[in-house]
Amino acid sequence: MNSVRKFKLQRPTPLSVKEHVAGILNGDRTILSRAITMVESAKTEHRAMAQEIIEQCLPYAGNSIRVGITGVPGVGKSTFIEALGTYLTGKDKQLAVLAIDPTSQKSGGSILGDKTRMEALAADANAFIRPSPASDSLGGVARKTRETIVLCEAAGFDTIFVETVGVGQSETAVHSMVDFFLLLMLAGAGDELQGIKRGIMEMADAIAITKADGDNVKASIAARREYKQALHLFPPTTTGWTPRVATCSSLTNEGIDEVWQLVEEHKLLVSGKGFFEQKRQEQARYWMYETINETLTRRFYDDPKVTHQLQAIEAQVVAGTLSPFAAAQQLLALS
Ligand code: GDP
C-alpha cells in the first residue's frame, strides 16, 4: 500500500503542449526528456501531442551543426564522442548526442544503452545524451531521432551528434539527417574486415582513423594515405568539398581538434555556396516521403483484415500456389 502511494507521489504531473514547449525553449532538460519520451511512444495520444510540440518548436530549431558518426563496433565511437564532445563543451558548445541503432529492439539497447559509456559527457552540464529509441523498424527509429533533433535544437543545443553502428542501412538514415557525415576507421584492418561498404565510404565527408597512438601511429599514417587515395577514386562532390582523411587518438586527444576543424571548414565552404541550406531542404523533403511510407506501411500491417489473412496468403506464396505479385495485390486490396 505504502509503495503504491509512493509511486503515485513520484509520478510527474502531466504537462500541456504549451508547458512542454515553454520548458524546452527554456532549456529544461527534464521537460526535454519527457517530450522525447512522447516522440518515442507508441501510444496514439502521445504521438499526437508530440507532433504539436514539434510543430511549435520548429521555428526555434535548425540553428545547429548536425554531425553523423559511424563505424563498426570497437572502432572507438563512444570514446571518440567522449573526447570530441568534451573538447566542444570545453569551448562552451551545447552538445546533444543521439543514436540510431536499429538492433536495439532485439538486443535491448546495444549502443548508448550502456551506462558506463561516455561517463564524462554524461556528467557534463553542457551535454545531453539520449540512447537510441527502440522500434520495430529502422524507419521508425530514424524518424524519432530526426524529431528529437528538432526538440534538442529548440532547447538550445548547437551541436548535434547522431551515432550509429557502421554495419548496415542505418548509415543512409543518418546521412539523410546530418550536415556532416564522419566515418571512423581502424588502421591495419582491411575494409572487408571492418564491414564497411563502398557506399558508406562514398557518403563520408571525412574519415577519421582512430586509435592513432602508441604502436599504432605508423599504421594509422599509412592507412590515412590509403584511404585518401581510395576517396580520390570516387566522383567529385557537387558541393566542391573533397572528403578528407584524418588520424586521431581519443586517449591522447591528438588530432581530435583537427577532426572538428574539418567539420567547420566544410560548413564554411558549403554555406558560402548555399549548399548547406539546400541539403537541409532536400532532407526535409526526403523525411516527408519517408514518414508517408512509414505511416502507410504501419497502417497496412495494423489493419485487422490484413493481419487476419496475411499468414494464410503468405503460406500459399511459399507453397508456390500463389504468385508473390498476386498475393501482394490481394492483401493490398484488403485495406
Ligand atoms: P565503439 O564500440 O565503436 O563505441 O568503441 P569504444 O569507444 O567502446 O572503444 C572500443 C575499445 O577501443 C575500448 O577498449 C577503448 O578503450 C579502445 N579505444 C577507443 N579509442 C581509443 C584510442 O584512441 N586509442 C586506443 N589505444 N584505444 C582506444
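Keep in mind that what you see is a predicted model, and the values were worked out from it rather than measured. These values consider heavy atoms only, across backbone and side chains, with no hydrogens, waters or symmetry-generated copies. Whatever order the structure lists ligands and atoms in, that order sets their numbers, starting from 1.
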May I ask whether Thr210 places a heavy atom under 4.0 Å from ligand 1?
-> no
Counting only heavy atoms, which portion of Asp213 has something under 4.0 Å from ligand 1: side chain, backbone, both, or neither?
-> side chain
Check: Phe80 N/O within less than 3.5 Å of ligand 1 N/O | no
for atom 23 (O) of ligand 1, nearest protein heavy atom and its distance come out as Ser250 N, 2.7 Å
Measure the distances from the heavy atoms of Gly71 to every atom of ligand 1 and state whether one is below 4.0 angstrom.
-> no
Check: Ile100 and Leu138 side chains under 4.5 Å, non-hydrogen atoms = yes
Please determine if Ser78 has a nitrogen or oxygen closer than 3.5 Å to a nitrogen or oxygen of ligand 1.
-> yes
Answer yes if a protein heavy atom lies under 4.0 Å from atom 25 (C) of ligand 1, otherwise answer no.
-> yes
Look at atom 2 (O) of ligand 1 and say which protein heavy atom is nearest, naming residue and atom and giving the distance to 0.1 Å.
-> Gly74 N, 2.8 Å
Got the closest protein heavy atom to atom 15 (C) of ligand 1, with its distance?
-> Thr79 OG1, 4.0 Å
Evaluate whether atom CD of Glu290 has more than 12 neighbouring non-hydrogen atoms of other residues, nucleotides or ligands under 6.0 angstrom away.
-> yes
Arg244/Glu258 ion pair, N-O < 4.0 Å = no
His175 and Phe181 aromatic ring geometry - parallel, tilted or perpendicular at 30°/60° bounds | perpendicular
Tell me, do Thr237 and Thr242 make a side-chain contact under 4.5 Å, heavy atoms counted?
-> no
Is atom 6 (P) of ligand 1 in close reach of the protein, with a heavy atom under 4.0 Å away?
-> yes
Val72, portion touching ligand 1 at heavy-atom distance under 4.0 Å = backbone
Can Asp179 and Arg280 be counted as an ion pair, charged N to O under 4.0 angstrom?
-> yes
In this structure, atom 12 (O) of ligand 1 is nearest to the protein heavy atom Lys211 NZ, 2.8 Å
